[in-house]
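Side chains included, hydrogens not; waters and symmetry mates left out as well; all remaining heavy atoms used. All ligand and atom numbering here is 1-based and tracks the order in the structure.
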Amino acid sequence: MVAESQLLLWVIYPYVAMTIFVVGLIWRYDRDPWGWTSKSSQILERRMLMWGSMMFHWAFMFIIIGHIMGILIPVSFYNSLGVSFSSYHIISFYGGSIAGVIAVLGLVILLARRLMDKRVKATSGVDDYFTLIFLLIIMVSGMLNTLGYTLLVGPYDYRLTIGVYVRSLILFRPDVAVITSAPFTYQLHTLLGLLFFAVLPFTRLVHIFSFPLPYMWRKNIVYRSTSKKG
Ligand code: HEM
């Protein structure tokens, strides 16, 4: 028998968050197509943006790959390849820690830039600060597990709890027992991770879905000067 509070946290909340994510994205695209942008401020300040943005975005891509590897791919797949938990853990610990530290540092640079550069500060709104601080909180909560839990408590195979739980949500058969058996810091990060999806449609993070993939296969554009000299 699942307690009401657990039902609320681990069944109702995730599905509400994902519904807001899907409906919110459609609503935003329909209502605010011209606001669907990362709101670049590169024209105002370049140097800190280059470092902060590059560090954050590259590290974030590795973090996404790590999440897919540990959460969406079942342990049985690794077992079939003969990859033991200790081998997996070494990759996830070092890979995750390095990517996490770089992403957090990138976010700190981006936040410092908004606060220190007069022109960027003058054009920054609540949305800009909220997005950066929110990302920082989620990432630090992730690091509490990858670095914090591992160093203070020991290696933990989150694939057997968090992974199983997330996949059970996707299959609409939420496994509350498995997630409630996970350590608190892992549960906290999962709840914040779900909040990320509910909040995303209302922030500049929507630009994630405008990644310019067609650039990779579109034909080159040839620019020619119209002046006789050129
Ligand atoms: C429901 C969604 C999510 C789940 C279930 C989840 C799960 C996890 C787990 C289990 C870890 C620990 C990995 C380990 O101990 O080695 C982790 C780490 C981390 N997570 Fe998430 N996460 C979610 C969403 C997010 C989001 C949205 C972000 C960023 C915006 C994020 C950023 C991080 C970071 C920076 C780390 C530490 C570095 C790493 O190990 O990759 N997570 N996450």
A.B. asks: Applying the salt bridge (Lys or Arg N to Asp or Glu O under 4.0 Å) test to Asp128, which of Lys39, Lys121, Arg113 qualifies?
C.D. replies: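 Running salt bridge (Lys or Arg N to Asp or Glu O under 4.0 Å) over Lys39, Lys121, Arg113 with Asp128 returns exactly one hit, Lys39.
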
A.B. asks: Side chains of residues 154-164: which donor-acceptor pairs under 3.5 Å do they make with residues two or more places apart or in other chains?
C.D. replies:
unit_1: Tyr156; atom_1: OH; unit_2: Thr161; atom_2: OG1; d: 2.8
unit_1: Asp157; atom_1: OD1; unit_2: Arg159; atom_2: N; d: 3.4
unit_1: Asp157; atom_1: OD1; unit_2: Arg159; atom_2: NE; d: 2.8
unit_1: Asp157; atom_1: OD2; unit_2: Arg159; atom_2: NH2; d: 3.1
unit_1: Tyr158; atom_1: OH; unit_2: Tyr88; atom_2: OH; d: 2.9

A.B. asks: Which pairs of donor and acceptor atoms, one on a side chain in residues 48-67, lie under 3.5 Å apart (sequence neighbours left out)?
C.D. replies:
unit_1: Ser53; atom_1: OG; unit_2: His57; atom_2: ND1; d: 3.2
unit_1: His57; atom_1: ND1; unit_2: Ser53; atom_2: O; d: 2.9
unit_1: His67; atom_1: ND1; unit_2: Ile63; atom_2: O; d: 2.8

A.B. asks: Can you give me the closest heavy-atom contact between Ala198 and Ile20, atom names plus distance?
C.D. replies: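 For Ala198 and Ile20, the tightest heavy-atom pair comes out as O-CG2, 3.5 Å.
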
A.B. asks: Which heavy-atom pair separates Leu169 from Pro14 by the least distance, and what is that distance?
C.D. replies: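 Scanning both residues completely, I find the closest heavy atoms to be CD1-CB, 3.8 Å.
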
A.B. asks: Side chains of residues 131-144: which donor-acceptor pairs under 3.5 Å do they make with residues two or more places apart or in other chains?
C.D. replies:
unit_1: Thr131; atom_1: OG1; unit_2: Asp127; atom_2: O; d: 2.7
unit_1: Thr131; atom_1: OG1; unit_2: Asp127; atom_2: OD1; d: 3.1
unit_1: Ser141; atom_1: OG; unit_2: Ile138; atom_2: O; d: 2.7
unit_1: Ser141; atom_1: OG; unit_2: His189; atom_2: ND1; d: 2.8

A.B. asks: Please output the residues near ligand 1 using a strict heavy-atom distance under 4.0 Å, listed in chain and residue-number order.
C.D. replies: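 Lining ligand 1 at under 4.0 Å, by heavy atoms, one finds Phe60, Ile63, His67, Ile71, Ser92, Gly96, Leu135, Ile138, Met139, Gly142, Met143, Asn145, Thr146, Tyr158, Ile162, Val166, Tyr186, His189, Thr190, Gly193, Leu194, Phe196.
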
